[in-house]
Amino acid sequence: MKIITSVRKMQAWADQRRSEGRCIALVPTMGALHAGHDALVRTALSSADDVVVSIFVNPTQFGPQEDFNAYPRYLDEDVEILGKLSSRLTVFAPGVGEMYPADIEADRISVDVGDMSRYLCGKFRQGHFEGVATVVLKLFHACRPHVAVFGLKDAQQFVILSRLVRDMLLDVRMVGVPTVRAADGLAFSSRNACLSPGQRKAAVVVSQAVHGAEEAIKEGEQRSEALVEIMRSILRREDDARVQYADVVDADTLQPIKEILPGQHVLAAVAVYFGGTRLIDSVFTQAPADQGIEKHDEES
Ligand code: PAF
């Protein structure tokens, strides 16, 4: 499998493939690949001729208190996993100097994501989504993909990056892959490995909470306060679970909602600590259409 580490070589490779009429899909990752990434790569393989998997632990999306140095780096193992998947894969694994030529402190231009970073995870991770949007824009320029594949588990990231593509007129088709879950419902994440056996068992409440909210929305609950209480009450079943947030927001703007409108697309999301390990989960769902209006239409 081809491994490219320089931006110039990556661009030359992509230009060559494009000139041959081949469609390129990009799967941006920070490595430490797991079953969730496997689903992203498989989706990419079915959407394009060539797939680039980028492996880059991006320093600008980690806050000062966060674990940039401790973040797992398993490049050899990741390359081995990918090598077994398909011969149509190329790995792009640049160093920090390639992605931030003037150094991370000295690079002056970055992407401002506006108030979309004020809600959910953004409230607790200052500068995180600016770092994500900046590095993804750079990865798009380096890899020149037609299609970009992301996991819907990082729901806020997906919404913000979809807006980046739309607002910056980028010619990239965004594909979101549904969250891959263990048999008990826990979403796959590199962080699950940090849970003790007891915490791992207890962590099932995280997915139960967001699915509880989804069910209530489908049954017609419109009050965000009631939905938040449903999620919190499920999370309270486990003493070890420390809730950072439980929220229901508009799925396109990420703005908080008081009362869901009929037919509105919403995102119910939580972030929960088990010891020092922070887990996130969320569901995109749509409120039922206004029954009254439908009935009226049928009658007329
Ligand atoms: O989701 C991730 O792993 C990262 O945020 C991404 C999109 C690769 C950007 O560094």
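Order of appearance sets the numbers: ligands from 1, and atoms from 1 within every ligand. Residues take their numbers from the sequence shown, with the count starting at 1.
At the top of the distance list for atom 2 (C) of ligand 1, counting protein heavy atoms only, stands Q157 NE2, 3.9 Å. With hydrogens left out, the protein atom closest to atom 3 (O) of ligand 1 is M30 CG, 3.7 Å, a heavy atom.
Applying the side chain to side chain contact (heavy atoms under 4.5 Å, CB included) criterion to E130, with sequence neighbours excluded, gives D112, V113, S117.
A side-chain N or O of N58 and one of Y100 form a donor-acceptor pair less than 3.5 Å apart.
The shortest N/O to N/O separation between N58 and ligand 1 does not fall below 3.5 Å. Residue T29 places no N or O, backbone or side chain, under 3.5 Å from any N or O of ligand 1.
If you number the atoms of ligand 1 from 1 as listed, the ones under 4.0 Å from a heavy atom of P28 come out as 8 (C). Near V135, with a cut-off below 4.0 Å to any heavy atom, the atoms of ligand 1 are 9 (C), 10 (O). Below 4.0 Å from some heavy atom of Q61 lie the following atoms of ligand 1, by number and element: 4 (C), 5 (O), 9 (C), 10 (O).
The CG atom of D250 sits 5.0 Å away from atom CD of Q264, with the distance rounded to the nearest 0.5 Å.
With a 4.5 Å cut-off on side-chain heavy atoms, K153 and I280 count as touching.
Contacts between L161 and ligand 1, counted as non-hydrogen atom pairs separated by less than 4.0 Å, are absent for every part of the residue.
For the pairing with V149, the side-chain contact (heavy atoms from CB on, under 4.5 Å) check across V53, L40, V41, L45 returns one residue only, L40.
Using bins of under 30°, 30° to 60° and over 60° for the plane-to-plane angle, the ring pair H34/F188 lands in the parallel bin.
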